[in-house]
Amino acid sequence: MSQTVLTDVFYENFDLHPLLQQGLAAAGITRTTPIQALTLPVALLGRDVAGQAQTGTGKTFAFLVALMNRLLNNPAAPDRKDADPRALIIAPTRELAIQIEKDFQVIGKATGLRSALIYGGVDYDKQRQQLRDGCDIIIATPGRLLDYYKQDVFGFGSVEVMVIDEADRMFDLGFIKDVRFIFRRLPSREARQVLLFSATLSHRVLELAYEHMHEAEKLVVETENVTADRVRQVVYFPSKEEKMPLLLNLLEESKTERSIIFVNTKAAAERITDRLKRHNFRVGAISGDVPQVKRQKLLQRFQDGQIDLLVATDVAARGLHIPAVSHVFNYDLPQDAEDYVHRIGRTARLGAEGDAISFACDLYAMGLPDIETYINQKIPTASIDAKMLVMPPPRPRADGVQDEIDDPNDNDGHIPTRGAPPEKGDRGGRDGRGGPRAGERSGSRERRPRPPREDRPAAAADAVSTEVPMKTVVVAETVAELPAAAQAMADASAPKKRRRRGGRGRGAREGAEGGNAGGAGHADNGANRRNGGREGSNGGRNTSSAGNGASARSTVKEQQPGAPRHAEGQSNPNRRPSRQVTASRPASAPAAPPAKEKVGLLRRIGRLFGGR
């Protein structure tokens with residue numbers, strides 16, 4: 001701790017438990033801060049306290065020391081169950097609950113007290129089992145805590161100390177109903193101790209204190225300003241489009257090593273993070289939608305110096321103690337004046353110095369008067385040079401540096417997938433066995449582009465265009481047979497009505513047509529099988545009509561260039577069978593009789609009475 005914010009009151013001057021004194025000495029904490037020196041004499045006596053002080057002045061250690069000293073000096077109730085806690089600490093955000101747990105581990109290792117950290121977004125069953133195993137102190141957010149309580153995992157009947165940290169934030173996040181629900185299930189006011197701490201004590205918070213606390217004493221650390229005295233504040237007035245180049249130029253000029261950029265929305269956080277990465281800054285983004293596992297990783301990497309810039313919404317503005325934060329940028333001015341105090345409180349902690357730079361653009365500048373009224377001071381303004389509004393070139397990227405997107409091991413606790421699952425009914429492969437195609441990687445949905453068609457030579461194209469797929473020639477041996485042959489060729493060239501596929505009586509019709517076409521030979525050895533079948537049928541009919549009383553013979557010849565030839569009576573095994581295959585029968589075979597129409601019962605009755 002810096003010597004500038006420490007008082008002359010030592011922890012050894014208080015009547016603390018020896019194990020607690022040992023833990024404080026091992027952590028190097030010997031002197032108190034103003035809020036600790038003001039609240040500990042009252043809290044150690046077992047009285048309720050409502051404390052207010054600037055952010056970053058050691059409020060967490062103030063209530064932790066009072067709570068742990070009471071649990072160590074007083075035995076537990078004889079009727080207490082193993083799963084029931086003795087103390088309860090409620091925090092509005094997960095990050096604040098994690099920070100309180102870390103501070104407890106710093107000074108509580110030698111005390112033997114067990115703690116349980118309960119918050120959402122992590123393993124549900126593991127936390128429930130931890131509560132069933134028993135603990136002395138529960139550090140939790142209200143939502144997940146009440147979920148376990150309603151399942152009878154633990155009870156509130158043995159709680160001796162109740163702590164509410166950042167009580168004003170409980171109202172902002174809508175947790176005040178949950179807090180009142182917990183208060184109504186605690187032991188009586190005389191049998192419990194309630195400690196309430198916050199950087200701001202609004203009228204709503206004081207009303208909650210007077211309603212559920214027993215003769216609470218309000219203790220406020222008097223300061224000239226609500227904000228920390230060692231924070232150098234300044235505000236710029238750029239337009240919405242000028243904020244990004246101004247931010248990049250300020251980052252280049254200040255040479256910041258650890259800074260936080262606050263925004264109001266998740267979309268703005270993602271947009272700014274993407275732009276900073278393109279300028280080769282080591283940056284991470286944290287918002288309410290980021291999974292809890294990734295939040296903790298990002299905060300830890302920011303504290304370890306692996307990330308220089310942290311773009312965050314107000315989820316990171318409360319209770320986080322990150323040392324050596326030199327600059328805080330309010331890219332968007334907060335809509336609540338209290339949030340401004342908590343934002344700039346991330347720098348200049350425990351007597352250090354820091355800078356708070358705010359952008360009052362045309363969207364959020366209307367909140368500046370309320371902020372200045374709340375902090376009781378006028379924020380100095382700064383002019384913007386024209387060169388500060390020019391987008392700077394990307395800075396050189398340091399070797400061996402990876403941001404959170406480039407981390408291959410950061411999968412947020414989920415199994416990484418390389419592609420979306422196939423839709424219902426899709427077997428995932430061309431052969432229907434679910435395997436990928438040859439030459440493709442597993443899980444990839446991208447298809448290779450189809451190669452362009454090769455241009456055929458002009459001669460080949462002309463040859464194809466002039467080819468006749470199938471030509472029927474009727475040969476007449478005598479002059480008398482010429483009119484019949486000409487009529488047959490005319491019938492073959494005339495367009496025929498398209499036959500209907502399917503339907504009732506299809507087999508009978510195909511059998512009759514196949515019988516008529518049987519005398520014409522095979523008609524299924526060409527590219528256009530349907531035309532061949534029609535022409536063969538016509539040729540058969542004309543030949544039979546012209547051959548009465550004469551020794552004439554008509555032959556139907558089918559010519560198709562390029563088509564493979566097969567032996568007589570054999571079909572092409574590689575061809576797909578047609579739905580209209582004509583039967584191959586000898587020319588002398590008689591035509592099959594048409595199928596007799598089946599007459600229904602109603603029609604027969606109608607004919608009987610109708611006289612037909």
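Just so you know, these numbers come straight off a predicted model, no measurement behind them.
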With V290 as reference, evaluate R295, K266, K297 under the side chain to side chain contact (heavy atoms under 4.5 Å, CB included) test and give the passing residue.
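Running side chain to side chain contact (heavy atoms under 4.5 Å, CB included) over R295, K266, K297 with V290 returns exactly one hit, R295.
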
Determine the minimum heavy-atom distance between [X] and [Y], stating which atoms define it.
| X | Y | answer |
| --- | --- | --- |
| H212 | V194 | O-CG2, 4.4 Å |
| R86 | N74 | NH2-O, 2.6 Å |
| P34 | V221 | CB-CG1, 4.0 Å |
| L20 | V65 | CD2-O, 3.6 Å |
| P392 | N249 | CD-ND2, 3.8 Å |
| V49 | M213 | O-CE, 3.5 Å |

Heavy-atom side-chain proximity of L64 to V163 below 4.5 angstrom
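Not touching, per the 4.5 Å side-chain cut-off.
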
Pairwise side-chain contact, N330 with I344, heavy-atom cut-off 4.5 Å (strictly under):
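When only atoms from C-beta onward are counted, I344 and N330 do touch, with a gap below 4.5 Å.
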
Counterpart residues, salt bridge (charged side-chain N to carboxylate O under 4.0 Å, His left out), relative to R128 (two or more places apart):
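Checked R128 against salt bridge (charged side-chain N to carboxylate O under 4.0 Å, His left out); matches are D125.
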
Mind checking whether H327 and F329 have parallel, tilted or perpendicular rings, split at 30° and 60°?
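Correct class here is parallel.
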
Within 45 degrees of the axis of the six-membered ring of F181 and under 6.0 Å from its centre: does R185 put its NZ or CZ there?
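Geometry flag: set, cation within 6.0 Å and 45°.
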
Check the side chains of [Y] and [X] for a donor-acceptor pair under 3.5 angstrom, ignoring hydrogens and angles.
| X | Y | answer |
| --- | --- | --- |
| E101 | Q105 | yes |
| R282 | Q306 | no |
| Q193 | R47 | no |
| S326 | T256 | no |
| Y11 | Q36 | yes |

Measure from the ring center of F156 to the ring center of F154 and say whether it is less than 6.0 Å.
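Yes, they do, as the ring centres are separated by less than 6.0 Å.
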
Centroid-to-centroid, Y124 to Y148, below 6.0 Å?
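Yes, they do, as the ring centres are separated by less than 6.0 Å.
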
Which pairs pass side chain to side chain donor-acceptor pair (under 3.5 Å) with one or both residues in residues 131-141, sequence neighbours excluded?
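For residues 131-141, and leaving out neighbouring residues, the side chain to side chain donor-acceptor pair (under 3.5 Å) pairs sorted by first residue read Q129-D133.
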
So with a 6.0 Å cut-off around CD of E190, is the heavy-atom count from everything else above 12?
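Yes, enclosed.
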
Intermediate values then yes/no, salt bridge (charged side-chain N to carboxylate O under 4.0 Å, His left out), R192 and E160:
CA-CA 5 Å; R192 72 183 187 229; E160 304 175 26; over 6 Å; no

Once you round to the nearest 0.5 Å, how far does CD1 of I286 lie from OG1 of T273?
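One gets 11.0 Å once the value is rounded to the nearest 0.5 Å.
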
Can you name the residues that form a ring-ring contact (aromatic ring centres under 6.0 Å, His included) with F10, not counting sequence neighbours?
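Partners of F10 by the ring-ring contact (aromatic ring centres under 6.0 Å, His included) criterion come out as none, since no residue qualifies.
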
